[in-house]
**Student:** 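Would you mind keeping the following structure in view while I ask a few things?
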Amino acid sequence: MQPSDLPSAPQYDERLTAPGPWWLIAAALGLSGGLMLMPLGAVPMLGGLIAAGALAATGVSAYGSARLRVVAGSLVAGDARIPAGALGEPEVLDAEEARAWRTHKADPRAFMVLRSYIPTAVRVEVTDPADPTPYVYLSTRNPEALAAALQQARGATAGH
């Protein structure tokens with residue numbers, strides 16, 4: 001039996017990490033925190049550098065910690081867990097279409113795991129009539145693989 005044959009093995013797993021330049025900005029913020037306290041001496045300067053750097057790194061890390069998974073017949077996006085049976089056909093969005101669905105086509109009732117630094121996305125209609133959410137928008141670096149995993153999960157739940 002392969003690990004992918006197990007119902008709890010993830011069919012898709014992606015962490016939406018922040019891009020490298022954001023970490024450079026966090027380092028620059030830490031440096032500026034230290035430089036602001038430099039007139040007070042070496043110890044306050046070092047404390048400011050560490051505190052400002054840690055605060056900036058925590059912010060970048062927290063924002064970049066969103067995770068997308070397709071596991072055990074469900075889509076797990078951030079804190080949400082949506083059964084694949086409640087989802088429609090996944091639609092792969094290129095950069096232009098993803099931008100449109102983030103802006104003028106967006107529905108405020110939609111569930112979005114949106115990261116502006118990721119140009120591509122997948123949009124999936126929510127087919128559960130009891131759920132007022134019209135669709136799920138997921139920023140992803142690999143939209144084809146996510147759409148395929150969602151298709152596979154939908155097929156598996158339809159077969160049961």
Side-chain angles (χ1 to χ4, degrees), residues 1-30 51-160:
M1 181 180 271
Q2 297 294 324
S4 60
D5 295 335
L6 299 171
S8 62
Q11 297 166 303
Y12 184 84
D13 193 350
E14 178 182 11
R15 186 167 297 278
L16 304 177
T17 56
W22 286 32
W23 292 101
L24 293 174
I25 292 168
L29 287 171
L55 187 62
T58 300
V60 170
S61 179
Y63 186 74
S65 68
R67 191 169 174 190
L68 303 177
R69 297 186 315 150
V70 178
V71 61
S74 294
L75 167 65
V76 181
D79 295 334
R81 184 179 195 98
I82 307 164
L87 297 172
E89 191 77 23
E91 176 185 358
V92 172
L93 304 175
D94 62 16
E96 187 177 327
E97 269 300 298
R99 189 176 314 107
W101 281 102
R102 285 193 308 263
T103 58
H104 65 275
K105 287 185 177 181
D107 186 326
R109 299 172 299 154
F111 177 77
M112 295 184 152
V113 177
L114 172 70
R115 295 297 181 264
S116 61
Y117 51 81
I118 299 176
T120 54
V122 170
R123 190 181 78 84
V124 189
E125 288 193 39
V126 176
T127 58
D128 181 0
D131 191 341
T133 307
Y135 60 88
V136 176
Y137 175 99
L138 306 165
S139 292
T140 176
R141 290 184 174 97
N142 196 347
E144 292 83 10
L146 177 55
L150 287 168
Q151 283 285 61
Q152 183 180 358
R154 284 182 65 229
T157 57
H160 287 235

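Values in this document were obtained by computation on a predicted structure and should not be read as measured data.
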**Student:** Answer whether the closest heavy-atom distance between the side chains of Asp13 and Arg67 falls below 4.5 Å.
**Tutor:** yes

**Student:** Supply the atom-to-atom distance Ser74 OG to Gln11 CD, rounded to the nearest 0.5 angstrom.
**Tutor:** 10.0 Å

**Student:** Please say whether more than 12 non-hydrogen atoms of neighbouring residues, nucleotides or ligands are located less than 6.0 Å from CD in Glu125.
**Tutor:** no

**Student:** Which residue pairs pass the ring pair (Phe, Tyr, Trp, His ring centres under 6.0 Å) test when at least one of the two sits in residues 64-112, sequence neighbours left out?
**Tutor:** Trp101-Tyr135

**Student:** Give a yes or no answer on whether the side chain of Ser61 reaches the backbone of Ala57 with a donor-acceptor pair at less than 3.5 Å.
**Tutor:** no

**Student:** If you take all heavy atoms of Ser139 and Leu114, which pair is closest and at what distance?
**Tutor:** OG-CA, 3.5 Å

**Student:** How many angstroms lie between atom CZ of Arg141 and atom CG of Leu16, to the nearest 0.5 angstrom?
**Tutor:** 6.5 Å

**Student:** Can you pull out every ring pair (Phe, Tyr, Trp, His ring centres under 6.0 Å) where at least one residue sits in residues 51-83? Sequence neighbours excluded, please.
**Tutor:** Trp22-Tyr63

**Student:** Any idea which heavy atoms bring Ala77 and Val113 closest together, and the distance?
**Tutor:** CB-CG2, 3.8 Å

**Student:** Considering all heavy atoms of both residues, which atom of Ala66 and which atom of Arg115 are nearest to each other, and what is their separation?
**Tutor:** CB-NH2, 3.2 Å

**Student:** Could you grab the distance from atom CG of Leu55 to atom CG of Leu29, nearest 0.5 Å is fine?
**Tutor:** 9.0 Å

**Student:** Is there a donor-acceptor pair closer than 3.5 Å between any side-chain N or O of Thr127 and the backbone N or O of Ala86?
**Tutor:** yes

**Student:** Over all heavy atoms of both residues, which pair between Val124 and Gly88 is shortest? Give the atoms and the distance, please.
**Tutor:** CG1-O, 3.4 Å

**Student:** Distance from Glu144 atom CD to Gln151 atom CD, nearest 0.5 Å?
**Tutor:** 13.0 Å

**Student:** Hey, are the side chains of Val126 and Ile82 touching, using non-hydrogen atoms and a 4.5 Å cut-off?
**Tutor:** no

**Student:** To the nearest 0.5 Å, what is the distance between OG1 (Thr120) and CD (Glu97)?
**Tutor:** 13.0 Å

**Student:** Can you tell if the side chain of Tyr12 reaches within under 4.5 Å of the side chain of Asn142, non-hydrogen atoms only?
**Tutor:** yes

**Student:** Just do the side chain to side chain contact (heavy atoms under 4.5 Å, CB included) check on Arg109 and Asp131 with the steps written out, would you?
**Tutor:** CA-CA 10 Å; Arg109 299 172 299 154; Asp131 191 341; over 6 Å; no

**Student:** I would like to know whether Leu75 and Leu138 meet side chain to side chain contact (heavy atoms under 4.5 Å, CB included); could you show each step before the answer?
**Tutor:** CA-CA 11 Å; Leu75 167 65; Leu138 306 165; 3.8 Å; yes

**Student:** So which atom in Ala153 and which in Gly73 form the shortest heavy-atom distance, rounded to 0.1 Å?
**Tutor:** CB-CA, 4.4 Å

**Student:** Search all heavy atoms of Thr17 against all heavy atoms of Tyr117 and return the closest pair with its distance.
**Tutor:** O-CE1, 3.2 Å

**Student:** Output yes when a side-chain donor or acceptor of Arg154 lies under 3.5 Å from a complementary backbone atom of Leu87, and no otherwise.
**Tutor:** yes

